[in-house]
Structure formats: structure tokens, C-alpha cells
Amino acid sequence: MNAKTTIRKILFIAVWLCIGGGMLTLLLAAISNKKKGQCSNYVITLKGPENNFFINEKDVEVLLTKAGKGTIRGQAVTSFNLNELEQMLERNTWISEAELYFDNKDVLHVTVTEKEPVARIFTTAGNSFYVDHGGKKMPLSDKLSARVPVFTGFPEKKTLSARDSALLNDVRLTAAYIMNDPFWMSQVAQIEITPERKVEMVPVVGNHLVKLGDGENMPAKFNRLMVFYRQVLSKTGFDKYKLIDVQ
């Protein structure tokens, strides 16, 4: 190896050491700045059924501000307990799921998935509430009236018993099936809950009552009803029968 080759190798190593040292310095500086970073901004995204929201971005902002005891922008990133904030949001009446994270520009991203009502229930005392996909009660809102199947005759109770919860589950199963079928959503006027805790459907078209029983096997029950509509009522007229039992 001659002198020129040796000098070139030494220079090459020196350059790479300088570059490596510079990159390490920049990396350490970036880490240090990240630790000292402040929330530069926040973005709130709402997810829900057909963009019909019971809660809006301002509501979420207020919840976060109260939880953080101050404005969101300008607070140290390290002061945010994202897990606790998610749990706080999910305790809200209208929120099903919340996800929070910071991006590399210290922007707080908040994604909120709203609960979806599947039925509106009127009690025997005339009070009303929604029930969601999980069978949980939801209060009404002055912001939005959800287009969902309506059930009447639910027992008026401050605290639900095991029987009441089972009935609420029957309501959920019945409503979920109706909501997933455009024909039945347009044909069902309301569902009545009998004193025996069974459900009966009042149609939009036709002067008859349909006994559905409990919430089990709803696809089969509505399929039997559709067959009866097509093979019988289409010929006799929808006012021919007063009671149809598909249990």
C-alpha cells in the first residue's frame, strides 16, 4: 500500500466519522426537542352512522379542555396522559370508542366513534330513550332525532331487572334486523311490546298486526312474513287479515 492510498483511506474514515457524529448530534437534538415539545395543534375526527352525530367537535374539545384543566394547544406533550383521556371520552353518553395520538409535528389527533342507536323506546309512562347496538340505554338528544324503529309499551323502571334487560335485548335484536333491511324499515310503523313481553309489528301498509314473539330468529320470522305477503296478501289485499302470527 503506497502513501497516497493510505492518506485517502484516512481521509475517508475521517469524513465518515464527522458525518456519523453530526447525525448522532442531530438525532440527540431531535429527541431532546421532542421531549420539550408542546402541542402545536389538534385535529378532531368524528365517526358515526351516516354522519349523523349526537356529539360535535366542539363537545369533544370541551371535554378535553376540562380534563386537561386548560387549553390544549401549548401544553407540553408529556403532560398528556393519552390512555386516561381515551377512557374519559369513552365514559361519555354518546361515545363508543376514542383514540388519541401525537404525530411527529406534535399535533394531537383525536378520533371519536359515536354510539349508534338502533331503536327508540317509549315506556308505559310515556318516557322515551334510545338503545344502542350493545343493548345499552341512551338518552334523547336535542341535536338529532335518529331514524330508527320505534317500540312502545316498555315497562317504566328506574332500575332494569334481569327480565327487563332480556326484553331490551329482544328489542335490540328485532330493531337491528329491521334497520338492515330497507323494505322493513319502510314497512314497519312501530313495534308494540305486549304485557307478556312479546313484540308485535304494526305495518305502514295494511290493517293487520304481526306477532313476532321474542327477539330470536328474526330473519326466519320476517322471511315467513315476506312469503305470506307475496303469496297471499298480494292476491287478497293487505287488509284481508287482522292478525298474522309468524312466531
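The first residue of the sequence shown is numbered 1, and numbering continues consecutively from there.
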Original post:
Hey, does the side chain of Glu116 reach the backbone of Gly48 with a donor-acceptor pair shorter than 3.5 angstrom?
Top reply: no
Subject >> Within residues 226-240 or reaching into it, pairs that qualify as salt bridge (Lys or Arg N to Asp or Glu O under 4.0 Å) - sequence neighbours excluded >> reply: none
**OP:** If a pair satisfies side chain to side chain donor-acceptor pair (under 3.5 Å) and one of its residues is in residues 215-224, list it, with sequence neighbours excluded.
**Re:** Asp214-Lys221
Subject >> Partners meeting side chain to side chain contact (heavy atoms under 4.5 Å, CB included) with Asn127 (sequence neighbours left out) >> reply: Thr123, Ala125, Glu156
Original post:
How about Tyr130 and Phe54: do any of their side-chain heavy atoms sit closer than 4.5 Å?
Top reply: yes
Original post:
Glu192 versus Val199: any side-chain heavy-atom pair under 4.5 Å?
Top reply: no
Subject >> Sidechain-backbone polar pair: Ser40 side chain, Asp106 backbone, donor-acceptor under 3.5 Å >> reply: yes
Original post:
Do Asn41 and Val107 have side-chain heavy atoms sitting under 4.5 Å apart?
Top reply: yes
Subject >> Any residue meeting side chain to side chain contact (heavy atoms under 4.5 Å, CB included) with Arg91, in chain and number order, not counting sequence neighbours >> reply: Gln87, Met88
Let me have the donor-acceptor pairs involving side chains of residues 162-175, under 3.5 Å, with sequence neighbours excluded, atom names and distances please.
{"residue": "Asp164", "atom": "OD1", "partner": "Arg197", "partner atom": "NH1", "Å": "3.1"}
{"residue": "Asp164", "atom": "OD1", "partner": "Arg197", "partner atom": "NH2", "Å": "3.0"}
{"residue": "Asp164", "atom": "OD2", "partner": "Lys157", "partner atom": "NZ", "Å": "3.0"}
{"residue": "Asp164", "atom": "OD2", "partner": "Ser161", "partner atom": "N", "Å": "3.0"}
{"residue": "Asp164", "atom": "OD2", "partner": "Ser161", "partner atom": "OG", "Å": "3.0"}
{"residue": "Ser165", "atom": "OG", "partner": "Ser161", "partner atom": "O", "Å": "3.2"}
{"residue": "Asn169", "atom": "OD1", "partner": "Arg172", "partner atom": "NE", "Å": "3.0"}
{"residue": "Asn169", "atom": "OD1", "partner": "Arg172", "partner atom": "NH2", "Å": "2.7"}
{"residue": "Asp170", "atom": "OD1", "partner": "Gly215", "partner atom": "N", "Å": "3.1"}
{"residue": "Thr174", "atom": "OG1", "partner": "Asp170", "partner atom": "O", "Å": "2.8"}

Subject >> Where at least one partner belongs to residues 197-222, residue pairs that pass ring pair (Phe, Tyr, Trp, His ring centres under 6.0 Å), sequence neighbours excluded >> reply: Tyr177-Phe222, Trp184-Phe222, His208-Tyr229
Subject >> Heavy-atom closest contact (Lys47 atom, Thr111 atom, distance) >> reply: CE-CG2, 3.8 Å
Original post:
Any side-chain heavy-atom pair from Leu82 and Leu108 closer than 4.5 angstrom?
Top reply: yes
Original post:
Can you get from Ile44 to Phe102 by hopping between Ile, Leu, Val, Met, Phe, Trp and Tyr side chains that sit under 4.5 Å apart?
Top reply: yes
**OP:** Tell me, please, which residues at least two apart from Asn56 pass side chain to side chain contact (heavy atoms under 4.5 Å, CB included).
**Re:** Lys58, Asp59, Lys143
Original post:
Taking C-beta and beyond as the side chain, do Glu200 and Val210 meet within less than 4.5 Å on heavy atoms?
Top reply: no
Original post:
Any donor-acceptor pair under 3.5 Å linking the side chain of Glu114 with the backbone of Ile55?
Top reply: yes
Subject >> Note, Thr152 side chain near Thr124 side chain (heavy atom, < 4.5 Å) >> reply: no
**OP:** Would you give the length of the straight line joining atom OG1 of Thr113 to atom CG of Leu46, rounded to the nearest 0.5 angstrom?
**Re:** 9.0 Å
**OP:** Looking only at non-hydrogen atoms, find the nearest pair between Met179 and Pro149 and report the distance.
**Re:** CG-CD, 3.4 Å
Original post:
How about Phe80 and Ile72: do any of their side-chain heavy atoms sit closer than 4.5 Å?
Top reply: yes
Original post:
Do Pro203 and Phe238 have side chains that get closer than 4.5 Å, going by heavy atoms?
Top reply: no
**OP:** Would you check if the side chain of Ser79 reaches a backbone N or O of Gln75 as a donor-acceptor pair within less than 3.5 Å?
**Re:** no
**OP:** Sorted by first residue and then second, give each salt bridge (Lys or Arg N to Asp or Glu O under 4.0 Å) pair with at least one member in residues 120-130; sequence neighbours left out.
**Re:** none
Original post:
Does Asp132 have any side chain to side chain contact (heavy atoms under 4.5 Å, CB included) partners at least two apart in sequence or in another chain, and if so, which?
Top reply: Lys115, Lys136, Met138
Original post:
Is the backbone of Ile121 close enough, under 3.5 Å, to the side chain of Ser128 for a donor and an acceptor to pair up by distance?
Top reply: yes
**OP:** Report the hydrophobic cluster partners of Val227, with the cluster defined as I, L, V, M, F, W, Y residues connected by side-chain heavy atoms closer than 4.5 angstrom, directly or transitively.
**Re:** none
**OP:** Over all heavy atoms of both residues, which pair between Pro139 and Trp94 is shortest? Give the atoms and the distance, please.
**Re:** O-CH2, 2.9 Å
Original post:
Would you find more than 12 non-hydrogen atoms of other residues, nucleotides or ligands less than 6.0 Å from Tyr101 atom OH?
Top reply: no
Subject >> Met201: which of Val246, Leu212, Ile244 passes side-chain contact (heavy atoms from CB on, under 4.5 Å) >> reply: Leu212
Subject >> Gln187 side chain to Val205 backbone, donor-acceptor under 3.5 Å >> reply: yes
Original post:
Does Phe122 sit in a hydrophobic cluster with other residues, and if so which ones, taking ILVMFWY side chains as linked at heavy-atom separations under 4.5 Å, directly or through other members?
Top reply: Val150
**OP:** Measure the spacing between OG1 of Thr71 and OH of Tyr42 and express it to the nearest 0.5 Å.
**Re:** 8.5 Å
Original post:
Taking ILVMFWY side chains as joined if any heavy atoms are under 4.5 angstrom apart, and letting links pass through other members, which residues group with Val62?
Top reply: none
